[in-house]
Amino acid sequence: MPTESQSIFASLTPNDWGIIFTMLGVAFAAVLAGIGSAIGVGKAGQAAAGVVAEQPDRFGNCMVLQLLPGSQGIYGFAVAILILIFSGVLGGDTSALTLEKGLSYFAASLPIAFGGLLSALHQAKVAVSGIHMLAKRPDGFGNAMMFTLMVETYALLSLIISVFLVLFA
Amino acid sequence: MIVPMKRLTLVALKADEEAILQALQRTGTVEVISQADVSDEKTGDEQLLSQVQRFESAAQLLKRYGEKPPMGPKPEMSAEELFASMPESVALMERTEELDKTLAAARSEIEKKETLIETLLPWERLDARIEDIHATRSVRYAVGFLPLCAVEQVEAAGFAVEAFPGVRETAVLVASAASEYDEMQRALKELDFAEFNFPAMKGTPRMNIRALETEIASLRETEAQTVNALETVAKQRTLLLEGLDATSIERDRARSAAAVEKTTSAFILEGWVRADEEEKAQKAVAGAAEVFSFETREPLEEEAPPSAMKNKKLVEPFESIVTMYAYPSYRGVDATAVMAPFYFLFFGMMLSDSGYGLALFIGGLLFSKYMKPQGGMAKLARVITYGGLSALICGPFIGTFFGMNWNDIFHTDIFPLLFDPMVDVMPMMLLSCGLGLVHMFTGIVVKMYMCFRDGDPQSAIFDQLSWILLLTGLILLFAAPALKTVALVLTALGGGMLLLFSGRSKKNPIMRIGSGLGALYNITGYLSDILSYVRIFALGLVSGAMGMVFNLIGGMVYDAFGGLGIVGAILGCILAGAVLLVLHVFSLFINTLGAYAHCARLQFIEFFGKFYEADGRAFKPLRFNTRNVILRDK
């Protein structure tokens, strides 16, 4: 019965739609960036465990490299929280959330969601290579960290645009 | 600054070689330049090398048997004490190796015997003695395994069978008359018979199994005793680590000795010595030998001396950041002192929380005081301590206190004193980029200094100053319309210089303008560099947001116990406190890591890219290099 579902959507006010899209934005920012970081940190962690198995004293350096792809998840989380606060969802007052506002918040989540997801995945590849490099060249930590951080720049740029969009939505 | 080096040529009698090298190693002032092709020749340190490895593996082994050493600084001792303990530690090392061998032998023996028992087990109920099962004149035996259901068929064929059914197959002893032996073999083959050969032993299988079990028990006893002994030895594990350090020191000296050129009665040591330690080295040699020649000279143009950095105590820790990138070229500049203030400031702005700053500051101080870290770790600890101080200071201006708004704490509305990055986004971004511009300009000025120093003022003006003028002009053009003429003049001057003089070595005017245009195109690089400083703002924002959210979560935990009166309040406080502690420690860790790494990146890419010559190598003098003890000066 399509009419029934149609009627459900028809009964939603623009305010409801605004809330829905805001929530979607929160979810997108947190989930996609989080997935990227989870996969990234996971892969780097596997590589790190392999190196530490042979050379236990590399633990500290390996762990720092492992953590670098983890920041995207935190950026996504920060954007999600910012959307929650600025949209009023966290304060409980969502009456001002028009459809337009909700869509704006949704759009605001996209840069960090996708920028975070993909940059974390690619940063993880660099981190894994860096960890392998560390196994062969113990003094290569600084270089490995720099290579990995180069990717991070684009996650940060995504974060900044997301924050802008939240603040000016 | 980079310490000037001197090339040392030391000639002395071969008889004094060991004494002189020892004295030099004690001062740690001379890096020996290898004269011989050390890798090809027998270096003579092979025994020491293997001793180092033996110490290492013994210490590694004992790690498993001892308790984890308590947290704390490494033991302190003088070099004499370290060397005095050598015979003792060698003995301990040998004892450890012996115990390890005993243990391994016992374990492999146990394993062997257990396998033997396993092979005998199917025959446990066989009452015959193993040595009796052999062909006689009239009877032939077949020993082996048959599938479970096949036994009856063998019996049906008229052979005598003694069967011991097992789980998967049946162990059988089949007997036949000598004349029927071939027939029996054929019948068994058809039934998938697998022949079994008893190991060479006497007595029934059961007797053998019992005997083996007794032997295993006694071996287990030995194993337990050896483990006990290892555990006792493990209590002295630090002695092994000391031996390791002492042997490493000797190995280093042996390597240097191998690198020295020798005649029949004398040796010639070529090396680098810091100009400020020349006297110290000479004194050390004079103390060890009577006849010698100690000559130094300035490094030649074509020589590449190693780089050693010397800085004021305040900025010295930041050397660890510089060396993480690369050692400065000997003829370049030591960027530590110029970089340190920026690193300090940016770290604080990225962390931007006084609470976290305070935690890092106090934690860093305590760590340095009680753990007594050495070398690079000590420097890193102090960099973090400084960073904490910086964040502590930056907090009231642009940040928070453990994620809390200052105004909520003090009931005022004057905080943050500068900007709230979550509200005044644009000013905060401009501040970040503005500081970045200052940072980059500083880098350009250092490069100008280097050009002037090297007698190349043209490069300083046309390739470096021009950028400062051009960028300042462009920014004024947008930021301060009132100063339009000044801005235009600066832009034109800088741009013109770049356009006309970048290709000043080229004769052809078109080529010259072409390379000028190429140089101007670099403006994109400068723009992206400036934008890169936005990360200061972004990381500050993230650490503030994380702290704030964690406080919200803590508040929710507390509120959850709201309706339960005084008990609820106490419970809520404890639980919320625990939650807050864990979350803030996590946030502190993540944000410190981010600040540390991104600050370093800003130095390496945006700052060092402007001037740093990074093809140096570290000055590695022959010295007492210890990993497990802290050597005290006498």
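Chain letters run A, B, ... following the sequence lines, proteins first, then strands; residues in each count from 1. Every value quoted in this text rests on a predicted model; they were computed, and no experiment measured them.
- Counting heavy-atom pairs under 4.5 Å between each of A:Val166, A:Leu68, A:Ile74 and chain B puts A:Ile74 at the top.
- For a residue to count as touching a neighbouring chain, one of its non-hydrogen atoms must lie under 4.5 Å from one of that chain's; by this rule B:Ile321 does not touch chain A.
- Exactly one residue among B:Phe342, B:Tyr343, B:Phe608 makes a ring pair (Phe, Tyr, Trp, His ring centres under 6.0 Å) with B:His439. That residue is B:Phe342.
- Note on B:Val425, B:Thr323, B:Leu539: by heavy-atom pairs under 4.5 Å with chain A, the leading option is B:Val425.
- Using a 4.5 Å cut-off between heavy atoms, B:Ala600 touches chain A through backbone and side chain atoms alike.
- For the set B:Met548, B:Arg601, B:Met429, the count of heavy-atom pairs under 4.5 angstrom toward chain A peaks at B:Arg601.
- Taking the six-membered ring wherever Trp is involved, the centroid distance between the rings of B:Tyr356 and B:Phe402 falls below 6.0 Å.
- Neither the backbone nor the side chain of A:Leu84 comes within less than 4.5 Å of any heavy atom in chain B.
- Using a 4.5 Å cut-off between heavy atoms, B:Tyr325 contacts chain A through its backbone alone, with no side-chain atom that close.
- Using a cut-off of 4.0 Å between Lys/Arg side-chain N and Asp/Glu carboxylate O, B:Arg535 and B:Glu606 are scored as not salt-bridged.
- For the pair B:Asn628 (side chain) and B:Leu244 (backbone), a donor-acceptor distance under 3.5 Å is absent.
- A:Thr13 and A:Asn15 form no side-chain donor-acceptor contact under 3.5 Å, judged by distance and modelled atom types alone.
- In summary, B:Arg382 and B:Glu319 do not engage in a salt bridge, as defined by a charged side-chain N under 4.0 Å from a carboxylate O.
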